[in-house]
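Not measured: the values here are computed from a predicted model.
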Amino acid sequence: MTTWMPDPGQGQGPLYARIADQIEQAIAGGVLTAGTKLPPQRNLAFDIGVTIGTIGRAYHLVRERGLVSGEVGRGTYVLDNAELRPAEQADPMTAALAGTRPIKAPPGKLRFDSTAAPDIGQGASLEKLLVDISREHHADIASYARDFPAHWFEAGSQWLAKGTFRPQPDRIVPTLGAHAGAVAVIAAVTAPGDKIAFENVTYSQISRSAGLIGRRTILLRTDDYGLDPEDFERVCAQQHPKLAFLMPTAQNPTVVTLSLERRQAIADIARRYGVWLLEDDLYGAMTGDMTPLLAELAPERTFLVGGLSKSVAAGVRGGWVACPPHFSQRIRIAHKMVSGGMPFILAELCARLVLSGEAAILRSRSIDEIRAREQMAREIFSGIDFNSHPHVPFLWLKLSEPWFSGTFKHAAFEEGVLVDDEDEFKAGRTESVYHRVRIGFSSPADRNEVRRGFLTLRRLLDSGRTGYDSFA
C-alpha cells in the first residue's frame, strides 16, 4: 500500500474532483504505479481531514476514468495500461459536462438512473405510423424539412394544453425534444455572460448546456414546498438574471409541485423585474395536476416546453415549445442553429402520435406501469422517507445515517444498481446538502427487475454501519 497522499488544498473545483485529479496526476507521473493499492477510504479521509463521502466520490471518479479497479474486501488498485482508457474519460472537461453519471453506462447494471418512458410495447404503434409516413412521403423523408405543415403546430398545441390553457398553434415550435427546446430558448433570449437562475437541485443538464454556450448560473433557494418566492425576488433584485428555468409540477428530482400562491408570486416577480421564465412540464403533464401553468399566469414572458420521451416512447425525442407572442419564429431559428434542424420523419411521427390519439393512449399505459412500480416502491421502502408521485417515474429518497449520497451511489453501483446522487442535480456549486438519491425505475425491462433493484437498495439502506464499512 502506498504512503502517497493528496493535498486537498491544491487544484480547482469540488474537493472530491481535486482529489481525483491528483490521483490521476500521480498515476500519470509514475508516483502511483500499476498494481499499487490506494489507502482505504476511511484512513485517507482521516489523514487529510475530509469526509469519507468525499473520498468515496473521488475514488468513484477515478474508477470511471478507467484508472483504478475496486473490489469489496480487497481495496482499490491502480490498473495496468491506463493509457488505453477511452480518451474522453481522461478529459476532465468532458467529465464535468457529463455530470456524475458514467459517460458510458457499464453493462450488466440495473439502470435506476434514467426516467425514460417504460417499454409497454410501443414498437407496434410506431412501426405502423412509420410505415405509413414512409409510404406517403417518399420525397420528404429523404430531404430536409423545409416546410412545416400546419398539423405539426396543432399537435404541439394539443400536447401542451392543460386545464383551460391551450397555446395557439402559431406560438408553437416543434423541437428535438424538451431539452433541445429549452436550449433553443436560452440561446434565443439570452446572450453570453447573461445570468440564468436555477433551483438548487434541478435537471442540471440544462445548466451545463447553458454554461457550454457562455451563460452564467445562479442558484435559487428552495424549501419543502418548492422555490421560495422571497429568495427569487432577492436574486432578481441583486443579481438580475435574464431567465429562470423552473419545473413547477413534479419537479425533478424533488417531485415537489408548487402551489398556485407561489406560482402567482413568481409570475408577478418575473414581470416586475423583466425576467423570462422557462417552464419544463415534462413530468407535470403526467400527473393530472390542474394547477395553472406559469405559461397561463404570465403568458407574455413564459416559454413552455414538453415532449414525448418520458411518457410515450423513450426513442421518440420530439417535443414542442409554446412561446410568448411574436417569439415563435425566433425560437424556431434558434432551434435550427443549435440542433441542426427538425427531421421531417420525427416531426411527422410526433404529430401523428398526438393527433391520432395514440400518444394519449400510450401515455396512459405508461402511467399505469409507473403506478404499479411506484406502489412496489412504497411497499419495499416502507418506513423510509422519500418523495414520490404515482404517475412520476422516480423517487427522491432520504438516506439515513451513516450514508452520504455519493457513498450510497457507489455502494449501489458495486451491488449492480445505478442510481443518481444529489450532485447530479446541483445546477452549480452550493453548500446545501440533502443526503438524498434519486431512484428512477422506468427503464428496467419488467417489474421483476424493478423489484430486484428495489430489494437490493433496501438491503443497503438497512445494513447501516455494516454496509457503510464495507464500502469505506
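In summary, the side chains of R166 and S157 do present a donor paired with an acceptor at a separation below 3.5 Å, with no hydrogens or angles considered. In summary, the side chains of T249 and R263 do present a donor paired with an acceptor at a separation below 3.5 Å, with no hydrogens or angles considered. T54 and T51 are linked by a side-chain donor-acceptor pair at a separation below 3.5 angstrom, with hydrogens and angles left out of the test. Side-chain contact check for S388 and E374: at least one donor-acceptor pair (N or O, by modelled atom type) lies under 3.5 Å. Between the side chains of T190 and R215, at least one donor N or O lies within less than 3.5 Å of an accepting N or O. Side-chain polar atoms of Y283 and T115 form a donor-acceptor pair below 3.5 angstrom.
Between R272 and D268 no salt bridge is recorded (no basic side-chain N to carboxylate O distance below 4.0 Å). A salt bridge does not link K398 with D385: none of the charged nitrogens is closer than 4.0 Å to a carboxylate oxygen.
Both tests do not hold together for R373 against F441: distance to the six-membered ring centre under 6.0 Å, angle to the ring axis within 45°.
Under the side chain to side chain contact (heavy atoms under 4.5 Å, CB included) criterion, K336 pairs with no residue, sequence neighbours left out. For F381, the ring-ring contact (aromatic ring centres under 6.0 Å, His included) partners at least two apart in sequence or on another chain are F454. Take Y16 and apply the ring-ring contact (aromatic ring centres under 6.0 Å, His included) test, not counting sequence neighbours, and it matches no residue.
Nearest heavy-atom pair, A188 versus I331, reported as atom, atom and distance to 0.1 Å: CB-CD1, 3.5 Å. Shortest non-hydrogen contact noted between L399 and S405 is CD1-CA, 3.6 Å. When every heavy atom of L219 is checked against every heavy atom of A427, the shortest pair comes out as CD2-CB, 3.8 Å.
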Query raised in the report: Does the salt bridge (Lys or Arg N to Asp or Glu O under 4.0 Å) test come out yes or no for K109 and E449, once each step is laid out?
Result: CA-CA 11 Å; K109 304 288 186 182; E449 284 196 344; over 6 Å; no
Report task. Go through the steps to decide whether W276 and F245 satisfy the test ring pair (Phe, Tyr, Trp, His ring centres under 6.0 Å), and finish with yes or no. Result -> CA-CA 9 Å; W276 296 108; F245 173 81; over 10 Å; no
Requested in this report: Go through D140 and R146 one step at a time and tell me if the salt bridge (Lys or Arg N to Asp or Glu O under 4.0 Å) criterion holds.
Outcome: CA-CA 9 Å; D140 293 318; R146 292 186 172 87; over 6 Å; no
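The aromatic rings of F413 and H60 lie perpendicular to each other, with more than 60° between the two planes, well past the 30° mark.
The CD atom of Q122 sits 12.5 Å away from the CG atom of L129 when rounded to the nearest 0.5 Å.
The list of salt bridge (Lys or Arg N to Asp or Glu O under 4.0 Å) pairs with a residue in residues 275-297, not counting sequence neighbours, reads K162-D281. Contacts classified as salt bridge (Lys or Arg N to Asp or Glu O under 4.0 Å) and involving residues 185-196 (residues at least two apart or in different chains) are given here: D194-K242. Within the structure, every pair that satisfies the side-chain hydrogen bond (donor to acceptor under 3.5 Å, both in side chains) test and touches residues 354-367, not counting sequence neighbours, is listed here: S125-E358.
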